[in-house]
Structures are given as C-alpha cells and as structure tokens.
Chemist: 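My questions all concern the structure below.
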Amino acid sequence: MSLTPDDVKAIARLARLAIAEQDIPAYAKNLSSILEFVAQLEKADTASVQPMAHPLVGLTQPMREDAAVAQVDRDRYQQNAPQVEAGLYLVPKVVE
Amino acid sequence: MHKKSLAELARDLKAKKVSSEELTRAFLERIERFNPKLNAFISVLKDSALAEARASDKRIAAGQGGPLEGLPIVHKDIFCTEGVRTTCGSKMLDNFVSPYDATVVERLKKAGTVLLGKANMDEFAMGSSNETSFYGPVKNPWDETRVPGGSSGGSAAIVAARLAPAATATDTGGSIRQPAALVGATGIKPTYGRVSRYGIVAFASSLDQAGIITYSAEDAAMIMRVMAGHDERDSTSVDKPVPDYVAGLGESVKGLRIGVPKEFFDKGLDAKVAAAVQDAIGVYKKLGATVQEASLPNFWLSVPTYYVVAPAECSSNLARFDGVRYGHRCTDPMDLTDLYMRSRGEGFGAEVKRRIMTGTYVLSAGYYDAYYLKAQKTRSLIRQDFLEAFKQVDVIMGPTAPGTAFKLGEKTDDPITMYLNDIYANGVNLAGLPGLSIPAGFVDGLPVGLQIIGNYFDEGRMLAAAHQYQRETDWHLRLPKNYEN
C-alpha cells in the first residue's frame with residue numbers, strides 16, 4: 001500500500017494534524033512502509049478466529065455503585081487551560 | 001549508599017543507620033553530578049524531596065510509616081503527580097501541572113516513598129530508544145553514545161547509573177523490559193489489569209501497563225506489593241487479591257518447567273546475545289529447573305499486529321489533546337479547526353504524528369476490516385499460542401531484545417527497524433501477560449537481558465525465579481564504570 005502526498009494530507013486532516021508541506025514526502029514514505037509492513041497480516045489464516053475484544057478474555061469486569069464521588073474542582077482543572085472565562089473554556093467563534 | 005539495593009536501604013532506614021534526608025541528599029547529589037551527561041530527568045524536585053524526606057524521618061522516629069518509608073524513588077513522567085509538571089515527554093504537555101495523583105503515585109506516596117523527580121521518556125511513550133522525547137534523548141550509562149532503550153529509557157538509565165534505587169515505568173509494547181535489558185536493570189511489566197492505569201497518560205489502553213525498574217527482583221517485589229491491586233477508578237483494573245511477592249521470593253526453581261520458544265532464536269537475534277541468554281537458561285537447569293522447547297507459531301504476527309492495534313488506540317486516545325482544555329495551544333487561531341490542527345501539529349513530534357496517522361488510516365472507513373479487525377483476530381491467535389504453551393510449561397524464557405544497545409541516531413530514520421527492536425516484547429502486551437527482564441550477562445561490554453514471561457497473574461512465580469537467578473549471579477550488581485563512585 002503506497003500513500004501519495006495527497007493521501008497524507010487527507011489523513012492528516014482527518015486526524016486534525018497540521019503537517020508542514022516540506023515534511024509530507026517523508027511521511028508518505030514512512031507511512032507507506034508501515035502499511036506495507038503490517039500488510040503481512042493478510043497471510044494469516046483467520047477465517048475461523050474470533051477477534052480479541054479484551055486482553056483478559058472471560059474475566060468479568062468489577063462493578064461499582066453508581067454513586068457520586070468527590071472530584072477535583074473545576075477551578076483546579078482550569079488552571080491548565082489555555083484560555084478560560086467565568087468557568088468556561090474559550091475557543092474561536094463557532095457560530096456566527 | 002548508591003550501591004545498595006532498595007531492600008538494603010530499607011533495612012538501614014529501619015535500623016536508623018541512615019536517615020531518609022541523608023539518603024535523599026545522597027541521591028540528589030548524584031543526580032546533580034551525573035544527570036547533565038545522561039539527560040535522564042525531565043524534572044528534579046530537590047526542595048519537595050527534602051521536605052518529604054524530613055517528614056518521613058519524623059514518621060520513622062515516631063515508629064510510624066508505610067512499607068517503603070523514607071525510600072527515594074522516581075516516577076516516569078507519564079504518571080500524573082499532583083502539583084508537579086507532568087509532560088509525558090511532549091511539547092504538548094510542557095506546561096501541564098497535574099491537579100491529581102495517579103493511583104500508582106498515590107499508593108507509593110502512602111507507602112512512604114520520597115519523590116526525587118520525573119524521568120525522561122519517549123514522547124507519549126512512543127519509541128524504543130528514548131530519542132523521540134521533546135526534552136532530548138537519554139544516554140545509556142554503559143556507553144553514552146548509545147541509547148538506553150525506550151520508552152522508559154529515563155527510568156532505566158536512572159536505575160542503572162544509581163541516581164535512584166527504583167523508578168516507575170510503563171510498558172505498552174516492551175517499554176519496561178527492553179530498556180531494562182539495554183541498561184542492565186531489572187524491569188517487570190505485570191499482567192494487564194494488575195496495576196491501576198488511573199492517572200497514567202493513555203497511549204494504547206488495551207496494552208498499557210505500569211510496572212517498575214529496579215536493581216533486583218527482590219526490590220521489584222517490594223514495590224509491586226504496594227503498586228498492585230484493584231482500583232475502582234480504573235474499570236480494567238482486576239479485583240484479585242495481591243500475593244505477598246516478597247514472602248514468595250524464596251520459592252525454589254527446582255522442578256520449574258521452562259519453555260524456550262524456538263521462534264525466538266531465529267535469524268533476527270544477535271548470535272552473542274543468543275549465547276548469553278542460553279547461558280542464563282543453563283543456570284536454571286543447574287538449579288533443577290526443566291527446560292523444554294516451546295512453540296509460538298504465530299510469533300511472526302506480533303509486531304505487525306502491534307503496529308495496527310497500538311496506533312489505532314493512540315489515534316483515539318490522543319484526540320483529547322486539542323488545545324482547548326489543557327496542553328499546547330497555537331497563537332491566533334482563525335477558527336476551531338485551525339486551532340485543533342495547528343495546536344496538535346505544533347505540540348506533537350514526528351513519531352507521535354506518524355502513529356496517529358497510521359491509526360487514523362487503519363480505522364478509517366473502507367480499511368477497518370482489512371487492518372483493525374484483522375489485527376484483533378491475529379491478536380487472538382497470538383494469545384492462543386501462549387495459552388497452549390502454558391499448558392506444558394510454567395514460564396517462558398528467551399531474549400528481551402534482539403541485540404544490545406544501539407547507537408544514538410542509528411535507527412531514527414527507519415521506523416520498521418526501530419519497531420523490530422520490540423519483537424520479543426510486543427506479543428506479551430497483545431496477550432496481556434506479565435513479562436520481566438533481568439540482567440543476564442554482557443556482550444562487548446553492553447548488558448543483555450533475559451526475558452521471563454509468565455502466565456496471567458503469575459508475577460509471584462516470575463519474581464521468585466528472577467530472585468533465585470540473582471542469588472547465583474552478579475550481573476545485576478555491576479555498575480557502569482563512570483558511575484561507580
């Protein structure tokens with residue numbers, strides 16, 4: 001599977017990643033070699049194999065009461081935010 | 001003092017031969033002296049460490065304190081630490097100060113440990129050489145022109161150079177075992193779900209597991225006893241009693257059934273490393289273990305399977321880094337999409353972008369079945385092989401990595417060659433099994449690791465087997481010559 005520079009641009013956009021124009025050929029080359037490498041999986045016979053859903057197959061997940069527990073307060077979380085106002089996260093205008 | 005194991009230091013503290021403050025000062029002094037050469041730390045917490053040590057000394061004087069009271073340790077910078085910068089080796093989180101502690105951090109704090117600092121690591125734990133860190137590569141103390149392995153390379157180099165007696169680490173595809181092997185330390189990746197992942201920056205959630213890098217298996221057992229156990233804040237954490245790993249260390253290896261997969265000793269393995277690993281297995285034979293050939297016929301699928309599953313999960317997990325709530329934000333975004341794209345484009349390094357894009361591609365419409373679903377099926381095959389093998393044997397042994405530490409920059413341009421460095425490690429994560437690496441000799445002056453793979457939740461037996469080997473050998477006691485004094 002060989003990716004073109006346009007493919008890389010499309011994937012980067014899907015992933016919301018800005019990639020510098022001059023770096024695109026290198027990503028196209030690397031990503032193509034990775035996809036070619038993982039394409040070996042085609043050779044494995046998996047016709048009657050169930051996909052793995054969890055590393056600990058058959059182990060039931062522990063449950064807990066659906067009860068409110070103490071959380072870190074909003075002000076502390078928002079100390080890491082790039083831009084906040086009145087407890088809200090600010091982003092560029094979305095709706096005109 | 002730096003030559004002593006964690007167990008010895010714990011005894012000295014208890015007998016009041018040394019105070020936690022003296023111990024902490026001694027390690028801080030070594031960090032100041034040697035870290036400029038190694039670049040193994042992202043943050044050094046001198047003032048808070050000394051304050052914690054003094055508080056610990058008070059508890060010791062009052063006859064109180066936890067099982068690891070007064071012992072200095074380091075956390076990999078992927079563990080959230082309250083009030084302390086937690087960068088995950090990324091520009092994205094360069095300014096992030098965690099508002100809470102990870103469960104592992106909380107438990108080790110409660111046990112009395114003193115936090116010396118946060119260890120350097122590959123960005124978001126993606127790498128096998130510690131060269132993808134935003135804070136620059138870590139050097140291997142055995143040869144500073146070589147890598148310490150990754151992604152817990154900082155933790156591994158710190159322990160190998162004796163800048164701390166122990167350092168926490170995480171292993172998604174070999175990131176505890178491979179660096180432990182490359183620097184000559186002991187590293188354990190527990191069973192998936194054995195140790196809580198709450199508060200660990202997520203990379204690939206079905207593979208990530210926290211563990212520890214130490215001088216010896218005995219030290220690892222001491223820490224595992226505190227780290228392991230159910231945490232209701234992590235829904236994948238398993239509610240199973242934690243055995244007393246330290247008490248179990250004396251268990252003899254007489255009659256232990258060791259399986260050695262023939263697929264591990266194939267053309268990809270360095271011949272001298274293979275010989276060292278066989279010698280180590282020979283020690284077990286002498287101690288009365290039985291050794292038989294094992295087979296993992298789908299072993300060849302583990303790296304390609306890993307490089308579908310891990311990027312798929314990372315592309316989803318790393319979507320949270322969007323420049324809105326925390327982390328890097330670009331300046332003057334034009335609109336919301338521009339804010340996302342430039343914040344992420346500027347905040348992430350090349351390897352992280354590569355994996356996010358691989359993951360985005362394999363999960364995208366039209367490719368999901370061919371890549372992701374197929375990989376989850378091959379993952380079942382890999383797990384099944386291990387289950388079959390464990391019907392015949394108690395543990396599996398083999399090399400941890402295909403060679404010794406490679407040169408800085410040697411593999412950075414070729415992702416596939418880099419990825420193949422975890423060939424003996426990836427399958428263990430895919431199956432969710434526990435794995436351990438112990439020092440097992442040297443090749444051309446560089447350490448070699450022996451990997452012990454156990455059955456689910458069989459960490460006790462693995463630690464005991466490692467401890468018995470370390471009673472017979474002194475590889476784990478060797479220090480790199482520039483770091484002896």
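Chain letters run A, B, ... following the sequence lines, proteins first and then strands; every chain starts at 1.
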Chemist: Heavy atoms under 4.5 Å from chain A: which residues of residues 305-319 of chain B carry them?
Modeler: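 So the qualifying residues are T305(B), Y307(B), V308(B).
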Chemist: Please flag which part of F321(B) lies under 4.5 Å from any non-hydrogen atom of chain A: side chain, backbone, both or neither.
Modeler: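 Contact with chain A: none, neither part.
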Chemist: Any side-chain heavy atom of Y361(B) sitting closer than 4.5 Å to one from V8(A)?
Modeler: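 No. Closest side-chain heavy atoms not under 4.5 Å.
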Chemist: Give, as side chain, backbone, both or neither, the part of L339(B) having an atom under 4.5 angstrom from any heavy atom of chain A.
Modeler: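 Just the side chain, heavy atoms under 4.5 Å.
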Chemist: Where on F37(A) is there a heavy atom nearer than 4.5 Å to chain B: the side chain, the backbone, both, or neither?
Modeler: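 Answer is both: backbone and side chain atoms of F37(A) are under 4.5 Å from chain B.
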Chemist: Please name the pair of heavy atoms, one in M357(B) and one in I19(A), separated by the smallest distance, quoted to 0.1 Å.
Modeler: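 Distance-wise, the nearest heavy atoms are CE-CD1, 3.7 Å.
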Chemist: In sequence, state the C-alpha distance, the side-chain angles, and the governing distance for Q50(A) and K377(B), and then conclude on side-chain contact (heavy atoms from CB on, under 4.5 Å).
Modeler: CA-CA 6 Å; Q50(A) 284 293 313; K377(B) 289 180 179 177; over 6 Å; no
Chemist: Does any heavy atom of chain A fall under 4.5 Å from the side chain of L420(B), the backbone, both, or neither of them?
Modeler: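 Contact with chain A is through the side chain of L420(B) alone.
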Chemist: Could you look at A350(B) and say if it's the side chain, the backbone, both or neither that has a heavy atom under 4.5 Å from chain A?
Modeler: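 Both backbone and side chain.
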Chemist: For chain A, which of P304(B), S343(B), G347(B), G345(B) has the most heavy-atom pairs under 4.5 Å?
Modeler: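 Between P304(B), S343(B), G347(B), G345(B), the count favours P304(B).
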Chemist: Decide if atom CD of Q40(A) counts as having more than 12 heavy atoms of other residues, nucleotides or ligands within a radius under 6.0 Å.
Modeler: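 Enclosed.
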Chemist: If I measure from the heavy atoms of chain A, does P333(B) come under 4.5 Å with its side chain, its backbone, both, or neither?
Modeler: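 Contact with chain A is through both the backbone and side chain of P333(B).
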Chemist: Could you tell me the separation between the CZ atom of R194(B) and the CG atom of L56(A), rounded to the nearest 0.5 Å?
Modeler: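 Reported to 0.5 Å precision, the distance equals 10.5 Å.
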Chemist: Looking at C330(B), G359(B), G432(B), P415(B), which one has more heavy-atom pairs under 4.5 Å with chain A than the rest?
Modeler: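 Greatest number of close heavy-atom pairs with chain A: P415(B).
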Chemist: Against chain A, label Y372(B) side chain, backbone, both or neither, depending on which of its atoms sit under 4.5 Å from a heavy atom there.
Modeler: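 Answer is neither: Y372(B) stays 4.5 Å or more from chain A.
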Chemist: Is it the backbone or the side chain of L90(A) that comes under 4.5 Å from a heavy atom of chain B, or both, or neither?
Modeler: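 Interface part for L90(A): backbone (N, CA, C, O).
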Chemist: With sequence neighbours left out, what residues match D322(B) under salt bridge (Lys or Arg N to Asp or Glu O under 4.0 Å)?
Modeler: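 R325(B).
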Chemist: Which bit of Q78(A) is near chain B, if near means a heavy-atom gap under 4.5 Å: side chain, backbone, both or neither?
Modeler: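 Neither part.
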Chemist: Looking only at heavy atoms, what is the nearest atom pair of K353(B) and Y27(A), with distance?
Modeler: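 Answer, listing the atom of K353(B) first, then Y27(A): CD-OH, 3.4 Å.
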Chemist: Does any part of the side chain of P92(A), heavy atoms only, come nearer than 4.5 Å to the side chain of D338(B), both counted from C-beta?
Modeler: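 In short, these two side chains do not touch, never coming nearer than 4.5 Å.
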Chemist: Can you check whether P99(B)'s main-chain N or O pairs, donor with acceptor, with R76(A)'s side chain at less than 3.5 Å?
Modeler: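 Yes, the answer is positive, given that a donor and an acceptor are paired below the 3.5 Å cut-off.
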Chemist: Quick one: does T46(A)'s side chain get under 4.5 Å of L381(B)'s, heavy atoms only?
Modeler: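 Sidechains of L381(B) and T46(A): in contact.
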Chemist: Evaluate the side-chain proximity of E36(A) to I416(B): yes if any heavy-atom separation is below 4.5 Å, no if none is.
Modeler: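 No - every pair of side-chain heavy atoms lies 4.5 Å or more apart.
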Chemist: Closer than 3.5 angstrom, by distance alone: can the side chain of R344(B) be matched with the main-chain N or O of R16(A) as a donor-acceptor pair?
Modeler: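 Flag set: sc R344(B) to bb R16(A) pair under 3.5 Å.
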Chemist: Between the main-chain N or O of I11(A) and the side-chain N or O of T360(B), is there a donor-acceptor pair closer than 3.5 Å?
Modeler: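 Not confirmed, T360(B) side chain does not pair with I11(A) backbone.
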Chemist: What part of D45(A) gets closer than 4.5 Å to chain B, counting heavy atoms only: side chain, backbone, both or neither?
Modeler: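 When you check distances to chain B, only backbone atoms of D45(A) fall under 4.5 Å.
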Chemist: Looking only at heavy atoms, what is the nearest atom pair of N30(A) and D413(B), with distance?
Modeler: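 Closest heavy-atom pair between N30(A) and D413(B): ND2-O, 4.2 Å.
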Chemist: Can you see which heavy atom on P82(A) is nearest to which on V324(B), and at what distance?
Modeler: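 Closest approach of P82(A) to V324(B), heavy atoms only: CD-O, 3.2 Å.
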Chemist: Nearest 0.5 Å please: distance from the OH atom of Y89(A) over to the OH atom of Y326(B).
Modeler: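 Result: 9.0 Å between the selected atoms.
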Chemist: Can you tell if the side chain of V97(B) reaches within under 4.5 Å of the side chain of Q79(A), non-hydrogen atoms only?
Modeler: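 When only atoms from C-beta onward are counted, Q79(A) and V97(B) do not touch, as no gap falls below 4.5 Å.
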Chemist: Can you confirm whether R233(B) is buried at CZ, in the sense that more than 12 heavy atoms of other residues, nucleotides or ligands lie under 6.0 Å from that atom?
Modeler: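 Yes.
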Chemist: If we define contacts as heavy-atom pairs under 4.5 Å, which of V38(A), V69(A), D23(A), D7(A) has the most with chain B?
Modeler: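 Top option by heavy-atom pairs under 4.5 Å: V38(A).
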Chemist: For I382(B), is it the side chain, the backbone, both, or neither that has a heavy atom closer than 4.5 Å to a heavy atom of chain A?
Modeler: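 Looking at I382(B), nothing touches chain A.
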Chemist: Rounded to the nearest 0.5 Å, how far does CG of L3(A) lie from OG1 of T358(B)?
Modeler: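 If I round to the nearest 0.5 Å, the distance is 9.0 Å.
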Chemist: Name the member of Q376(B), H230(B), M334(B) that forms the most heavy-atom pairs with chain A at distances under 4.5 Å.
Modeler: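 With the most close heavy-atom pairs to chain A, the winner is Q376(B).
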Chemist: Among N95(B), T337(B), L207(B), who wins on heavy-atom pairs under 4.5 Å with chain A?
Modeler: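 Maximum pair count with chain A is reached by T337(B).
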Chemist: Counting heavy-atom pairs under 4.5 Å to chain B, which of D73(A), V94(A), L31(A), V84(A) comes out on top?
Modeler: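 Of D73(A), V94(A), L31(A), V84(A), L31(A) has the most heavy-atom pairs under 4.5 Å with chain B.
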Chemist: Would you say M52(A) and R383(B) make side-chain contact, with heavy atoms under 4.5 Å?
Modeler: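 Yes. Closest side-chain heavy atoms under 4.5 Å.
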Chemist: Which atom pair, heavy atoms only, marks the closest approach of S206(B) to P55(A)?
Modeler: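 Reported closest heavy-atom pair: O-CG, 3.2 Å.
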Chemist: Can you tell which part of S237(B) gets under 4.5 Å to a heavy atom of chain A, answering side chain, backbone, both or neither?
Modeler: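 Just the backbone, heavy atoms under 4.5 Å.
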Chemist: Hey, could you give me the CG/NZ distance between L336(B) and K93(A), rounded to the nearest 0.5 Å?
Modeler: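 Between atom CG of L336(B) and atom NZ of K93(A) there are 14.0 Å.
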Chemist: So H54(A) and Y192(B), do their side chains get closer than 4.5 Å, heavy atoms only?
Modeler: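 Sidechains of H54(A) and Y192(B): in contact.
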Chemist: Identify which part of E82(B) has an atom lying under 4.5 Å from any heavy atom of chain A, answering side chain, backbone, both or neither.
Modeler: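 Just its side chain gets close to chain A.
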Chemist: Take atom NZ of K29(A) as the centre, draw a 6.0 Å sphere, and report whether it contains more than 12 heavy atoms from other residues, nucleotides or ligands.
Modeler: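 No, NZ of K29(A) has 12 or fewer neighbouring heavy atoms, counting only those of other groups under 6.0 Å.
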Chemist: What I'd like to find out is whether the side chain of P51(A) reaches to under 4.5 Å of the side chain of K374(B), using heavy atoms alone.
Modeler: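 No, their side chains stay 4.5 Å or more apart.
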Chemist: Can you tell me which portion of I34(A) sits under 4.5 Å from chain B's heavy atoms? Options are side chain, backbone, both or neither.
Modeler: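 For I34(A), the contact with chain B is made by backbone and side chain together.
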